[in-house]
Amino acid sequence: MIIEAEFVKSAAAASDLPREGVPEVAMVGRSNVGKSSLINALVRKKVARTSAAPGKTRLANIYRVARGSSRPFFLVDLPGYGYARGGAQSAREFEELARAFFGRAGHARPVPSPRQASVSALLLVDARHPGLESDVDAWTWMRQAVGASALVATKIDKLSRGERIRALRDLQSVFEDPVLPVSAATGEGLDELWKLIESLTNPNPTARNRSGPAGPPLPKKPSPSEHPTNPRKR
Ligand code: GDP
């Protein structure tokens, strides 16, 4: 499958994003969570720079990405929050980002009409650190403010078999939502992540009709060993 990815621009706020009616998928996460590595692994080339100077730039990098015959979308690589800090400082950083890119903190951008761009987001959390306060705060905010969002656990290759079962169970219990485990290093979970992104950028395909004959029924409660690809929708 051919994947096209090109850098479009850096932006300080959502108002600077290109307005082309193309769906947006924002990637959110703490600095060092593995966001740049994951973006590069997804598009199979080095578009995102891995963090040399963590927390320095407050700009989002926008990429236009198209995979196979799917419609293109903007991948919005948001600056990481909370590097080597925590608590109030980290919460403030996230709030600033949220305000700039998703609307006023705690309030969603207006629900887009069909001709406007859909806005969705992935929260990346480190599989080795389930339930960090800054991540939980970020998810709490995203759940209510972003149209569709989903959780991804990075660096899953760093955990042994036993550790990963425990970590995924902890993650899902802390966040109360399915978490997709991935590894930029081994490529694990990337196909599932593409499916997840496609479901975020293409919210109403018939293939996602859960009760219809198009696909097998989804499990009601995903177990940690399964790879959930169903984003949470408001
Ligand atoms: P960012 O600050 O979120 O963009 O994080 P980076 O992509 O720069 O990654 C931070 C560090 O984690 C780097 O040293 C990466 O090599 C490492 N890393 C990122 N993803 C993975 C992964 O999937 N597996 C492993 N083992 N290391 C990773």
**Prompt:** So, the side chain of K45 versus the backbone of I3: is there a donor-acceptor pair under 3.5 Å, distance only?
**Reply:** no
**Message:** Taking V47's backbone N and O only, do any of them form a donor-acceptor pair with N40's side chain (distance below 3.5 Å, no angle check)?
**Reply:** yes
**Request:** Kindly write out the residues that satisfy side-chain hydrogen bond (donor to acceptor under 3.5 Å, both in side chains) with S173, not counting sequence neighbours, or none if the list is empty.
**Result:** none
**Partners passing side-chain hydrogen bond (donor to acceptor under 3.5 Å, both in side chains) against T140 (at least two apart in sequence or in another chain)** = none
A side-chain contact here means heavy atoms from C-beta on lying under 4.5 Å apart; do [X] and [Y] qualify?
X    : Y    : result
L38  : L190 : yes
Y63  : V43  : no
N202 : S70  : no
L122 : L180 : no
F101 : V28  : no
M27  : L124 : yes
S149 : W139 : yes
L123 : V152 : no

**Request:** Please step through side-chain contact (heavy atoms from CB on, under 4.5 Å) for the pair H129 and D135, ending with a clear verdict.
**Result:** CA-CA 10 Å; H129 308 298; D135 289 340; 6.0 Å; no
Nearest 0.5 Å please: distance from the [atom1] atom of [X] over to the [atom2] atom of [Y].
X    : Y    : atom1 : atom2 : result
D126 : K155 : CG    : NZ    : 5.0 Å
R164 : E188 : CZ    : CD    : 4.0 Å
K195 : L200 : NZ    : CG    : 14.0 Å
D77  : I39  : CG    : CD1   : 3.5 Å
L171 : D177 : CG    : CG    : 11.5 Å
R67  : L42  : CZ    : CG    : 9.0 Å

**Request:** Apply side-chain contact (heavy atoms from CB on, under 4.5 Å) to T201 and list each qualifying residue two or more places apart in sequence or on a separate chain.
**Result:** P23, V25, F73, I197
Taking all heavy atoms of [X] and all of [Y], pick out the closest pair and write down the distance.
X    : Y    : value
V22  : P72  : CG1-O, 3.3 Å
S183 : D157 : OG-OD1, 2.8 Å
L151 : P178 : CB-O, 3.6 Å
R30  : S134 : CD-OG, 3.2 Å
V76  : A60  : CG1-CB, 4.0 Å
A167 : A127 : CB-O, 3.5 Å

Which residues share a salt bridge (charged side-chain N to carboxylate O under 4.0 Å, His left out) with [X], sequence neighbours left out:
X    : result
R64  : E6, E20
E163 : none
R44  : none

**Request:** Begin from the C-alpha positions of L75 and I62 and carry the test side-chain contact (heavy atoms from CB on, under 4.5 Å) through to its verdict.
**Result:** CA-CA 6 Å; L75 180 59; I62 324 284; over 6 Å; no
**Prompt:** Are L132 and V182 connected in a single hydrophobic cluster, I mean Ile/Leu/Val/Met/Phe/Trp/Tyr linked by side-chain heavy atoms less than 4.5 Å apart?
**Reply:** no
**Prompt:** So, are K9 and D16 salt-bridged, with charged N and O less than 4.0 Å apart?
**Reply:** no
